[in-house]
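To start, the structure itself, in structure tokens.
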Amino acid sequence: MHHIKITTPSRLHFSLLDLNGALGRVDGGFGLAIAEPNFQIIAERAANIDVAASVYRERAITVLQRLQQTYPFPGIKLTFESEIPMHCGFGSGTQLSLSIAQAVNMLYQFGLNVRELAQVVGRGGTSGIGVAAFDTGGFIVDGGHRYPEQKASFLPSSAVGDIPPPPILLRYPFPELPLLIVMPNCSRIYGDAEIELFRTLCPQPEWVAQKLSHILLLQILPALIEQDMNTLGEALNDIQTFGWKRVEIDAQGPELQLTLDYLRDSGAFGAGVSSWGPAICVIAEDIHRLKQETEVFLKTLPNGGTCFITQANNLGASVMSG
């Protein structure tokens with residue numbers, strides 16, 4: 001095998017479950033793999049590292065250099081045909097790292113599975129949703145990390161070092177219906193700003209984890225299995241109003257909350273911010289009408305925004321060889 005093309009999903013992360021640790025675990029969470037946006041990367045064996053990408057060249061080289069430290073290989077040529085927007089709530093860092101690691105793994109036949117690749121490139125230290133989205137797609141629930149022996153802080157993956165991805169408790173196919181992704185142009189939370197918010201606002205109260213777990217177990221999961229999108233949407237709306245999700249929304253400024261209010265008032269079953277946003281996943285009965293109306297609304301915001309229609313990815317990343 002000398003030539004492959006990898007296409008990744010994006011991941012939506014609806015909520016972390018426990019930023020308190022009272023039961024001896026932290027993090028945990030649930031989310032969904034979606035078809036677009038995606039990385040499409042052509043990878044070929046090469047004598048050195050050669051990366052052609054519009055945004056991710058330096059980050060890709062850093063991932064490759066980290067891989068070479070553990071699994072030496074002569075080089076690789078990567079050509080990016082599409083890229084996931086950075087710092088928008090799509091989990092681009094995990095999808096980038098895993099797609100590159102999988103390309104090296106397959107071209108040089110190292111025989112590693114996705115969890116092993118994730119640990120090598122330092123992903124999954126907080127959430128397992130992105131790793132599982134790459135591996136299998138679908139709606140995913142992960143069980144967090146043992147606290148404090150496995151993970152002794154509430155910090156994000158980028159700040160916690162070599163921690164393995166958490167166990168996946170549930171993976172379930174999501175209905176094949178259109179989803180609206182709305183992205184108001186507002187601030188981006190990442191790097192030092194993200195670390196500082198985790199450092200200063202955690203631990204969260206124990207009741208937050210209890211309420212989130214109740215919503216997940218007795219509202220979201222039954223609604224998903226029964227394909228009751230109205231109830232699933234109501235649960236997403238509820239999650240936006242308390243706990244860490246409030247921290248994430250408030251950190252972005254007023255445009256994100258204004259957009260959530262607009263979507264709810266315009267007939268959406270529900271709208272949920274992915275991670276720090278600004279990407280919002282919207283479930284609605286007439287998604288195409290709502291997209292047209294939302295495009296008009298976004299023009300009223302100070303910095304505008306974009307929206308597009310996608311659907312769940314229930315397969316994970318795909319690989320075509322040549």
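Residues satisfying the ring pair (Phe, Tyr, Trp, His ring centres under 6.0 Å) criterion with F139, sequence neighbours excluded, are absent altogether. Not counting sequence neighbours, E285 has no partner by the salt bridge (charged side-chain N to carboxylate O under 4.0 Å, His left out) test. The salt bridge (charged side-chain N to carboxylate O under 4.0 Å, His left out) check on E206 picks up nothing, with sequence neighbours excluded. Not counting sequence neighbours, K77 has no partner by the salt bridge (charged side-chain N to carboxylate O under 4.0 Å, His left out) test.
Atom CD1 of residue I129 and atom CG of residue L12 lie 10.5 Å apart, to the nearest 0.5 angstrom. Rounding to the nearest 0.5 angstrom, the gap separating the OG1 atom in T231 from the CD1 atom in I220 is 11.0 Å. M320 CE to H3 NE2: the interatomic distance, rounded to the nearest 0.5 Å, is 9.5 Å. Atom CD of E194 and atom OG1 of T126 lie 7.5 Å apart (nearest 0.5 Å). With rounding to the nearest 0.5 angstrom, the CD atom of Q102 is 11.5 Å from the CD1 atom of I41. Annotation: the span from R188 atom CZ to M86 atom CE amounts to 11.0 Å, rounded to 0.5 Å.
Contact record, V121 with S97: CG2-CB, 3.8 Å, taken as the closest heavy-atom pair. Between I76 and E44, the shortest heavy-atom distance links the atoms CG1-O, 3.2 Å. Annotation for T8 and S99: closest pair CG2-CB, 3.6 Å, computed over non-hydrogen atoms. Across all their heavy atoms, I42 and K5 have their closest contact at CG1-CG, 4.2 Å. When all heavy atoms of R66 and V120 are compared, the pair lying nearest together is NE-O, 2.8 Å. The minimum heavy-atom distance between A284 and A268, with the atom names listed, is CB-CA, 4.0 Å.
Between the S82 side chain and the N38 main chain, a donor and an acceptor come within less than 3.5 Å of each other. At least one donor-acceptor pair under 3.5 Å links the side chain of R171 to the backbone N or O of T136. At distances below 3.5 Å, not a single donor-acceptor pair connects side-chain atoms of E248 with backbone N or O atoms of G277. Put simply, the side chain of Q240 gets close to the backbone of V273: a donor and an acceptor are under 3.5 Å apart. At least one donor-acceptor pair under 3.5 Å links the side chain of K245 to the backbone N or O of S275. At least one donor-acceptor pair under 3.5 Å links the side chain of R25 to the backbone N or O of G143. Looking at S213, its side chain never comes within 3.5 Å of a backbone N or O of Q210 through a donor-acceptor pair. Not a single donor-acceptor pair under 3.5 Å links the side chain of T70 to the backbone N or O of L67. In terms of modelled atom types and a separation under 3.5 Å, the side chain of T300 and the main chain of V296 share no donor-acceptor contact. Side-chain atoms of R199 do not come within 3.5 Å of backbone N or O of L155 as any donor-acceptor pair.
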**Q.** Derivation and outcome, side chain to side chain contact (heavy atoms under 4.5 Å, CB included), residues L290 and S266
**A.** CA-CA 7 Å; L290 186 56; S266 298; 3.8 Å; yes
**Asked** Checking side chain to side chain contact (heavy atoms under 4.5 Å, CB included) for the pair L64/L78: CA distance, chi angles, key distance, verdict?
**Response** CA-CA 10 Å; L64 288 165; L78 301 177; 3.9 Å; yes
Verdict with supporting geometry, K291 and E295, salt bridge (Lys or Arg N to Asp or Glu O under 4.0 Å) = CA-CA 6 Å; K291 176 179 181 292; E295 287 173 339; 2.5 Å; yes
Where do F30 and L221 land on the side chain to side chain contact (heavy atoms under 4.5 Å, CB included) test, with the steps shown first?
CA-CA 10 Å; F30 52 97; L221 293 180; over 6 Å; no
Side chain to side chain contact (heavy atoms under 4.5 Å, CB included), that's the test. Do Y262 and E293 meet it? Break it down for me. CA-CA 10 Å; Y262 168 80; E293 294 177 357; 3.3 Å; yes
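The side chain to side chain contact (heavy atoms under 4.5 Å, CB included) with P85 is formed by just one residue from the set P278, S10, P37; it is P37. Put simply, the residue from F154, W244, Y190 that forms a ring pair (Phe, Tyr, Trp, His ring centres under 6.0 Å) with F198 is W244.
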Atom pairs and distances, donor-acceptor, side-chain atoms in residues 16-23, under 3.5 Å, two or more places apart:
unit_1: D18; atom_1: OD1; unit_2: N20; atom_2: N; d: 2.7
unit_1: D18; atom_1: OD1; unit_2: G21; atom_2: N; d: 2.9
unit_1: N20; atom_1: OD1; unit_2: A22; atom_2: N; d: 3.0
unit_1: N20; atom_1: ND2; unit_2: Q204; atom_2: O; d: 2.8

Can you list, pair by pair, the side-chain donor-acceptor contacts under 3.5 Å of residues 176-187, counting residues two or more places apart and other chains?
unit_1: N185; atom_1: ND2; unit_2: N303; atom_2: O; d: 2.8
unit_1: S187; atom_1: OG; unit_2: Q252; atom_2: O; d: 3.1
unit_1: S187; atom_1: OG; unit_2: Q252; atom_2: OE1; d: 3.3

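Placement of I249 and I239 in two distinct hydrophobic clusters is found when ILVMFWY residues are connected by side-chain heavy-atom separations under 4.5 Å, directly or transitively. L236 and V282 fall into different hydrophobic clusters, where Ile, Leu, Val, Met, Phe, Trp and Tyr residues are linked whenever their side-chain heavy atoms come under 4.5 Å apart, directly or through other members. No continuous path of hydrophobic side-chain contacts links F174 to I140 [ILVMFWY only; heavy atoms under 4.5 Å]. Placement of L224 and L315 in two distinct hydrophobic clusters is found when ILVMFWY residues are connected by side-chain heavy-atom separations under 4.5 Å, directly or transitively. Linking ILVMFWY side-chain heavy atoms closer than 4.5 Å, directly or via other members, places F90 and V63 in a single hydrophobic cluster.
No side-chain heavy atom of D27 sits under 4.5 Å from any side-chain heavy atom of S127. Residues F242 and L212 are in side-chain contact: their nearest non-hydrogen atoms beyond the backbone lie under 4.5 Å apart. Using a 4.5 Å cut-off on side-chain heavy atoms (C-beta onward), D135 and I168 make no contact. Using a 4.5 Å heavy-atom cutoff, the side chains of P9 and I34 are not in contact. Annotation: side chain of L256 is in contact with side chain of I280 (closest heavy-atom distance under 4.5 Å). At a threshold of 4.5 Å between non-hydrogen side-chain atoms, the residues L197 and W276 count as touching. A heavy-atom distance below 4.5 Å is found between the side chains of Y172 and I225. Side-chain atoms of F80 and L96, non-hydrogen and from C-beta on, do get closer than 4.5 Å to each other.
Aromatic ring orientation, F39 versus Y56: perpendicular (interplanar angle above 60°, classes split at 30° and 60°).
For N113, the CG atom counts as densely surrounded, since its 6.0 Å shell holds more than 12 non-hydrogen atoms of other residues, nucleotides or ligands.
Under the 3.5 Å distance criterion, with hydrogens and angles disregarded, a donor-acceptor pair is assigned to the side chains of Q257 and R246.
Taking the centre and axis of the six-membered ring of F134, the NZ or CZ atom of R11 falls outside the cone set by 45° and 6.0 Å.
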